[in-house]
There are 2 protein chains.
Amino acid sequence: MSNKKMEKSEEKCALQEILGVIGGKWSMSIIYALFPGKKRFSELERLVPNINTRMLVKELKNMETNGIVVRKVYATVPPTVEYTLTPKGQKLEPIISELYKWGLEYVG
Amino acid sequence: MSNKKMEKSEEKCALQEILGVIGGKWSMSIIYALFPGKKRFSELERLVPNINTRMLVKELKNMETNGIVVRKVYATVPPTVEYTLTPKGQKLEPIISELYKWGLEYVG
DNA sequence: CCGTATCCATTTGGATACTG
DNA sequence: CAGTATCCAAATGGATACGG
């Protein structure tokens, strides 16, 4: 949901583009939850505090579109869907971890 | 100032709190613009692409409240206001720089 | 289980005119 | 120059209903 209409405002600076990809209110928390490995939809719903179904779906789709996560569907009954980070998404680990540390020192 | 009262939403995870401080749509761009040193209000308005007055004021206030920036007013005519990063804000430099690099490699 | 869809309230963001 | 004030659009959240 980032690069929809850009004709108007010419160009966004790099940080703005990045935030369009991982700056969503829940993106980093979802990525953080995926660091240990693949997670099912319902697991993510549990792991990301206070998120609701609609927002989780929305952010996951956005992240899938932007190549941060991969969605894998298994034709089981009941259905199973697993989300994993792409290498591109995994490269965010040190950055988000540092941000997390910064927060522990200064925010919490 | 954390473990006081949070009955309603029980607890936000740390990342959510951090994003409340620097996750605003414009915060990182403003911080980035302030890395080289103090800037006046109008300079920031120029340096942060596409931001508008209201949002710049709002984000700066939020960041001042959260100890990221310092606002210094000079009683000149016309008025002069300078914004600088606090040490806490300066510690974000490596993190935002890494994020920027990540974006250059994967987004731009 | 994994979503989609809908209604509605609240929050946040944007454009721009105006002021000390 | 450095903001306020105002009005409006878009994003988000919560609850709930429903379907493959």
Side-chain angles (χ1 to χ4, degrees), chain A residues 1-10 12-13 15-16 19-30 33-34 38-65 69-84, chain B residues 8-13 15-17 19-30 33-34 38-66 69-84:
Chain A
M1 59 168 13
S2 311
N3 320 5
K4 290 282 180 175
K5 25 190 347 186
M6 261 220 260
E7 303 83 23
K8 180 188 172 183
S9 60
E10 203 157 319
K12 302 160 83 174
C13 75
L15 278 170
Q16 291 290 304
L19 292 179
V21 177
I22 58 157
K25 181 169 182 180
W26 304 101
S27 301
M28 285 199 194
S29 299
I30 296 170
L34 287 172
K38 63 186 175 190
K39 293 282 178 295
R40 300 181 61 173
F41 186 87
S42 53
E43 290 183 285
L44 289 174
E45 220 162 2
R46 258 193 314 104
L47 288 168
V48 181
N50 303 324
I51 199 170
N52 61 46
T53 307
R54 238 181 60 250
M55 283 299 111
L56 181 54
V57 171
K58 200 172 180 180
E59 296 272 21
L60 282 170
K61 272 184 185 162
N62 182 39
M63 289 162 72
E64 192 188 4
T65 300
V69 303
V70 176
R71 180 174 180 269
K72 200 180 275 185
V73 183
Y74 299 90
T76 56
V77 176
T80 303
V81 181
E82 283 175 356
Y83 292 90
T84 47
Chain B
K8 180 184 176 183
S9 59
E10 184 58 26
E11 53 174 343
K12 300 162 83 174
C13 73
L15 279 169
Q16 291 289 306
E17 288 193 54
L19 292 178
V21 176
I22 59 158
K25 182 169 181 179
W26 304 102
S27 300
M28 285 200 196
S29 299
I30 296 170
L34 287 173
K38 63 186 176 189
K39 293 281 179 293
R40 300 181 60 171
F41 186 86
S42 54
E43 290 183 285
L44 289 173
E45 219 161 2
R46 257 190 318 103
L47 289 168
V48 181
N50 304 325
I51 199 171
N52 61 47
T53 307
R54 187 172 151 276
M55 281 300 113
L56 182 54
V57 172
K58 201 172 177 179
E59 296 272 21
L60 283 170
K61 271 184 188 163
N62 183 38
M63 290 161 72
E64 192 188 3
T65 300
N66 287 290
V69 303
V70 175
R71 180 173 179 270
K72 199 179 275 182
V73 184
Y74 298 90
T76 57
V77 176
T80 302
V81 181
E82 282 176 355
Y83 293 90
T84 48

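Letters A, B, ... are given to chains in the order of the sequence lines, protein chains preceding strands, and every chain is numbered from 1.
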Roughly, in whole Å, what's the span from [atom1] in [X] to [atom2] in [N]?
X: A:Asn52; N: D:dG14; atom1: CG; atom2: P; value: 6 Å
X: B:Met55; N: C:dT16; atom1: CE; atom2: P; value: 15 Å
X: B:Asn62; N: D:dG3; atom1: CG; atom2: P; value: 15 Å
X: B:Leu56; N: D:dG3; atom1: CG; atom2: P; value: 8 Å

Quiz item: Under the side-chain hydrogen bond (donor to acceptor under 3.5 Å, both in side chains) test, which residues partner A:Thr53, sequence neighbours left out?
Solution: A:Glu45
Quiz item: Any donor-acceptor pair under 3.5 Å linking the side chain of B:Asn66 with the backbone of B:Asn62?
Solution: yes
Quiz item: Any sub-3.5 Å donor-acceptor pair from B:Thr80's side-chain atoms to B:Thr76's backbone N or O?
Solution: no
Exercise. Please identify each residue that fulfils salt bridge (Lys or Arg N to Asp or Glu O under 4.0 Å) with A:Glu64, with sequence neighbours left out.
Key: none
Quiz item: Reckon A:Lys58 has a side-chain N or O less than 4.0 Å from the OP1 or OP2 of C:dT4?
Solution: no
Self-check item: C:dG14 OP1/OP2 closer than 4.0 Å to side-chain N/O of B:Trp26
Solution: yes
What are the atom names and distances for every N/O pair under 3.5 Å that joins the protein to nucleotides 8-10 of chain C?
none

Quiz item: If an axis is fit to five pairs at each end of the helix from C:dC1-D:dG20 to C:dG20-D:dC1, what is the angle between the two, to the nearest 10°?
Solution: 50°
Listed pairs, N/O of protein and of nucleotides 1-3 of chain C, under 3.5 Å:
residue, atom, partner, partner atom, Å
C:dC1, O3', A:Arg40, NH2, 3.0
C:dC1, O3', A:Pro79, O, 3.3
C:dC2, OP1, A:Arg40, NE, 3.0
C:dC2, OP1, A:Arg40, NH2, 3.3
C:dC2, OP2, A:Ser42, N, 3.0
C:dC2, OP2, A:Ser42, OG, 2.7
C:dG3, OP1, A:Arg71, NE, 3.3
C:dG3, OP1, A:Arg71, NH2, 2.5
C:dG3, OP2, A:Tyr83, OH, 2.8

For residues 20-27 of chain B, which side-chain donor-acceptor pairs fall under 3.5 Å, sequence neighbours excluded?
residue, atom, partner, partner atom, Å
B:Ser27, OG, B:Glu59, OE1, 2.9

